[in-house]
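This report refers to the structure that appears directly beneath it.
Along the sequence shown, the residues carry numbers beginning at 1.
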Amino acid sequence: MKKIINGMFHSSTRTKVFLWSMTILIIGGLSLIIISALTSNLWLFITALILGVLALILSQANTLQDVKISNNITNINNKIDLSALENVPENQIYSHIDENLIEQILIAYKVKKDHRMVIIDKSDRFKISQCPAYIWVEHGNLYLLLIEKEPRRISIPLSAIDYITYQANFPVYTDSEYLQFKKESLIKKVFYPFLPDYHGEQKIYKNLYYICKDIAFTNNSISQLMDLVCAEFKVEDALTKRNNTNQYFIECYQNGILLKDTVIPIDVYKSKLTNILESLVKSTISDLEFGNTIKDMLTQRLITEDFAVYYTGLRTKHNQSKK
């Protein structure tokens with residue numbers, strides 16, 4: 001809801017028209033339904049149905065994703081002296097980028113002083129592959145400035161970023177994995193901390209984090225983004241989709257992933273875990289479900305035995321206090 005409200009005031013004209021139109025149609029339709037019920041006016045009810053149909057058509061024709069994501073290709077690069085990269089293959093440009101060129105790019109694209117750095121692992125839609133980028137938020141938009149042979153700036157309204165999603169165990173092919181970072185360069189020195197962590201033995205894997213279901217960030221980059229976009233982190237896998245899995249386990253499980261991927265530090269994880277377990281203790285779920293949830297958390301190594309014993313005891317005291 002916060003994303004939608006933000007989009008109504010801080011986004012492109014087309015997006016504002018879409019969101020305000022949807023809001024007016026929905027509120028108008030609901031109001032007419034209530035009035036028609038109170039006055040027994042059939043025509044008001046029919047009008048409300050028409051507004052509902054219009055809202056449905058509008059939503060199908062203009063999804064938030066389509067309206068709000070745009071690839072801003074401008075003539076800004078004409079203001080930058082890119083001659084040092086002119087005859088250099090795309091996969092060798094890092095060795096030819098110096099501080100002066102980076103400064104020109106940042107100035108030309110009006111990058112904010114409080115910008116952050118990330119590595120975008122891939123994006124099919126924007127044809128991005130293992131690319132360092134500067135990011136910042138301004139006027140309700142997330143900006144991604146890609147360091148490529150011809151720099152690009154991508155603008156994404158914050159209202160379009162509802163979730164940060166997760167893909168575990170993405171296969172890595174070492175013969176094509178961040179080859180430019182194997183040579184010394186200014187880009188390597190600056191962006192090296194944001195390279196992905198790898199796991200596996202015979203086969204190598206990495207974990208990726210997505211916005212808008214397409215733009216994938218490395219695990220060491222996503223923490224730079226999370227507080228900027230304020231989007232909910234969402235994991236969909238066999239564990240979270242089980243019928244008997246409740247929200248308390250899912251939240252704990254998702255935070256466990258963030259901890260293992262070094263997205264959040266241990267103190268933040270403990271704070272979040274404490275809040276989840278305290279809510280679990282006071283929840284109205286059955287004692288059987290409570291016990292199964294604690295057991296699942298132990299199985300996934302999200303909590304210790306001491307935590308399990310402590311919060312099970314608190315649950316018992318909570319139940320006794322209600323009698």
- [ ] Applying ring-ring contact (aromatic ring centres under 6.0 Å, His included), name anything that partners Y178, two or more places apart in sequence or on another chain.
- [x] F181
Open item on the list: Could you check whether any side-chain heavy atom of S221 comes within less than 4.5 Å of a side-chain heavy atom of L225, counting everything from C-beta outward?
Closed with: no
- [ ] Taking all heavy atoms of S283 and all of L280, pick out the closest pair and write down the distance.
- [x] OG-O, 2.7 Å
Task: Heavy-atom closest contact (L273 atom, C252 atom, distance) - done: CD1-SG, 3.3 Å
Open item on the list: Run the side-chain hydrogen bond (donor to acceptor under 3.5 Å, both in side chains) test on Y253 and D237 for me, step by step, so that the C-alpha distance in whole Å, both residues' side-chain angles and the decisive distance to 0.1 Å come before the verdict.
Closed with: CA-CA 11 Å; Y253 176 63; D237 60 15; 2.6 Å; yes
Open item on the list: Considering only residues two or more places apart or on different chains, which pairs with a residue in residues 256-300 satisfy ring pair (Phe, Tyr, Trp, His ring centres under 6.0 Å)?
Closed with: none
TODO: For the residue pair L144 and R153, establish whether any side-chain heavy-atom pair is separated by less than 4.5 Å.
DONE: no
Task: Pairs satisfying side-chain hydrogen bond (donor to acceptor under 3.5 Å, both in side chains), at least one member in residues 298-310, at least two apart - done: none
Considering only distance and modelled atom types, tabulate donor-acceptor pairs under 3.5 Å from the side chains of residues 254-263, sequence neighbours left out.
unit_1 : atom_1 : unit_2 : atom_2 : d
Q254   : OE1    : V235   : N      : 2.9
Q254   : NE2    : F233   : O      : 3.2
N255   : ND2    : E251   : O      : 2.8
D261   : OD1    : N207   : ND2    : 3.1
D261   : OD2    : N207   : ND2    : 3.3
D261   : OD2    : Y209   : OH     : 2.6
T262   : OG1    : N220   : OD1    : 3.2

Task: Residues that S279 engages under side-chain contact (heavy atoms from CB on, under 4.5 Å), provided they are two or more places apart - done: Y248
- [ ] For A84, check side-chain contact (heavy atoms from CB on, under 4.5 Å) against everything at least two apart and list the hits.
- [x] none
- [ ] Run the numbers on I154 and I128 for side chain to side chain contact (heavy atoms under 4.5 Å, CB included), then give the verdict.
- [x] CA-CA 11 Å; I154 296 173; I128 303 170; 3.7 Å; yes
Open item on the list: Using side-chain heavy atoms (C-beta onward) and a distance below 4.5 Å, is N292 in contact with N244?
Closed with: no
- [ ] List in chain and number order the residues that pass salt bridge (Lys or Arg N to Asp or Glu O under 4.0 Å) with E90, two or more places apart in sequence or in another chain; answer none if no residue qualifies.
- [x] none
TODO: Could you pull out the closest heavy-atom pair between K206 and D121, with the gap in Å?
DONE: NZ-OD1, 2.7 Å
- [ ] Ignoring hydrogens and angles, state whether a donor on the side chain of N219 or Y166 is under 3.5 Å from an acceptor on the partner side chain.
- [x] no
TODO: Please name all residues satisfying side-chain contact (heavy atoms from CB on, under 4.5 Å) with T274, sequence neighbours left out, ordered by chain then number.
DONE: E278, Y311
Please list every donor-acceptor pair under 3.5 Å in which a side-chain atom of residues 94-103 meets a protein atom from a residue at least two apart or in another chain.
unit_1 : atom_1 : unit_2 : atom_2 : d
D98    : OD1    : N100   : N      : 3.3
D98    : OD1    : L101   : N      : 2.9

Task: Crowding at OH, Y198 (>12 non-hydrogen neighbours, <6.0 Å) - done: yes
Open item on the list: Can you tell whether the side chains of R315 and D287 come within less than 4.0 Å, N to carboxylate O?
Closed with: yes
- [ ] Taking only Lys NZ, Arg NE, NH1 and NH2, and the carboxylate oxygens of Asp or Glu, determine whether D162 and K213 approach each other closer than 4.0 Å.
- [x] no
- [ ] Test side-chain hydrogen bond (donor to acceptor under 3.5 Å, both in side chains) on D214 and S123 and set out the steps.
- [x] CA-CA 5 Å; D214 173 71; S123 168; 2.4 Å; yes
Task: Non-hydrogen side-chain atoms of M226 and I164 separated by less than 4.5 Å - done: yes
Task: By side-chain contact (heavy atoms from CB on, under 4.5 Å) - contacts of T284 (at least two apart) - done: none
Open item on the list: If you define the side chain from C-beta out and look only at heavy atoms, does anything of E184 sit under 4.5 Å from K189?
Closed with: no
Open item on the list: Are K241 and E236 packed together at the side-chain level, in the sense that at least one heavy-atom pair is separated by less than 4.5 angstrom?
Closed with: yes
- [ ] Could you state whether I107 and L146 fall into the same hydrophobic cluster, counting links through intermediate Ile, Leu, Val, Met, Phe, Trp or Tyr residues with side-chain heavy atoms under 4.5 angstrom apart?
- [x] no
Task: I215/I156 under side chain to side chain contact (heavy atoms under 4.5 Å, CB included): CA gap, chis, key distance, verdict - done: CA-CA 11 Å; I215 305 175; I156 307 174; 3.5 Å; yes
Open item on the list: Quick check: do I135 and Y143 have side-chain heavy atoms less than 4.5 Å from each other?
Closed with: no
- [ ] With side chain to side chain contact (heavy atoms under 4.5 Å, CB included) as the test, would you mind laying out the steps for I105 and V111 before giving the verdict?
- [x] CA-CA 9 Å; I105 294 171; V111 177; over 6 Å; no
Open item on the list: I need the minimum non-hydrogen distance between R116 and Q224, along with the two atoms involved.
Closed with: NH1-O, 2.8 Å
- [ ] With side chain to side chain contact (heavy atoms under 4.5 Å, CB included) as the test, would you mind laying out the steps for Y134 and I147 before giving the verdict?
- [x] CA-CA 8 Å; Y134 292 91; I147 303 304; 3.7 Å; yes
Task: Side-chain hydrophobic cluster, 4.5 Å single linkage: members besides Y210 - done: F170, L208
- [ ] Count the heavy atoms belonging to other residues, nucleotides or ligands that lie under 6.0 Å from NZ of K112, then report whether that count exceeds 12.
- [x] yes
Task: Within-4.5 Å side-chain heavy-atom neighbours: E148 and C131 - done: yes
Task: Side-chain cluster (under 4.5 Å, hydrophobic types only) that I34 belongs to, other residues - done: L38
Task: Short side-chain donor-acceptor distance under 3.5 Å, N246 and E289 - done: yes
Open item on the list: Given the ring of Y109, does R152 sit roughly above its face, with NZ or CZ under 6.0 Å from the centre of the six-membered ring and within 45° of the axis?
Closed with: no
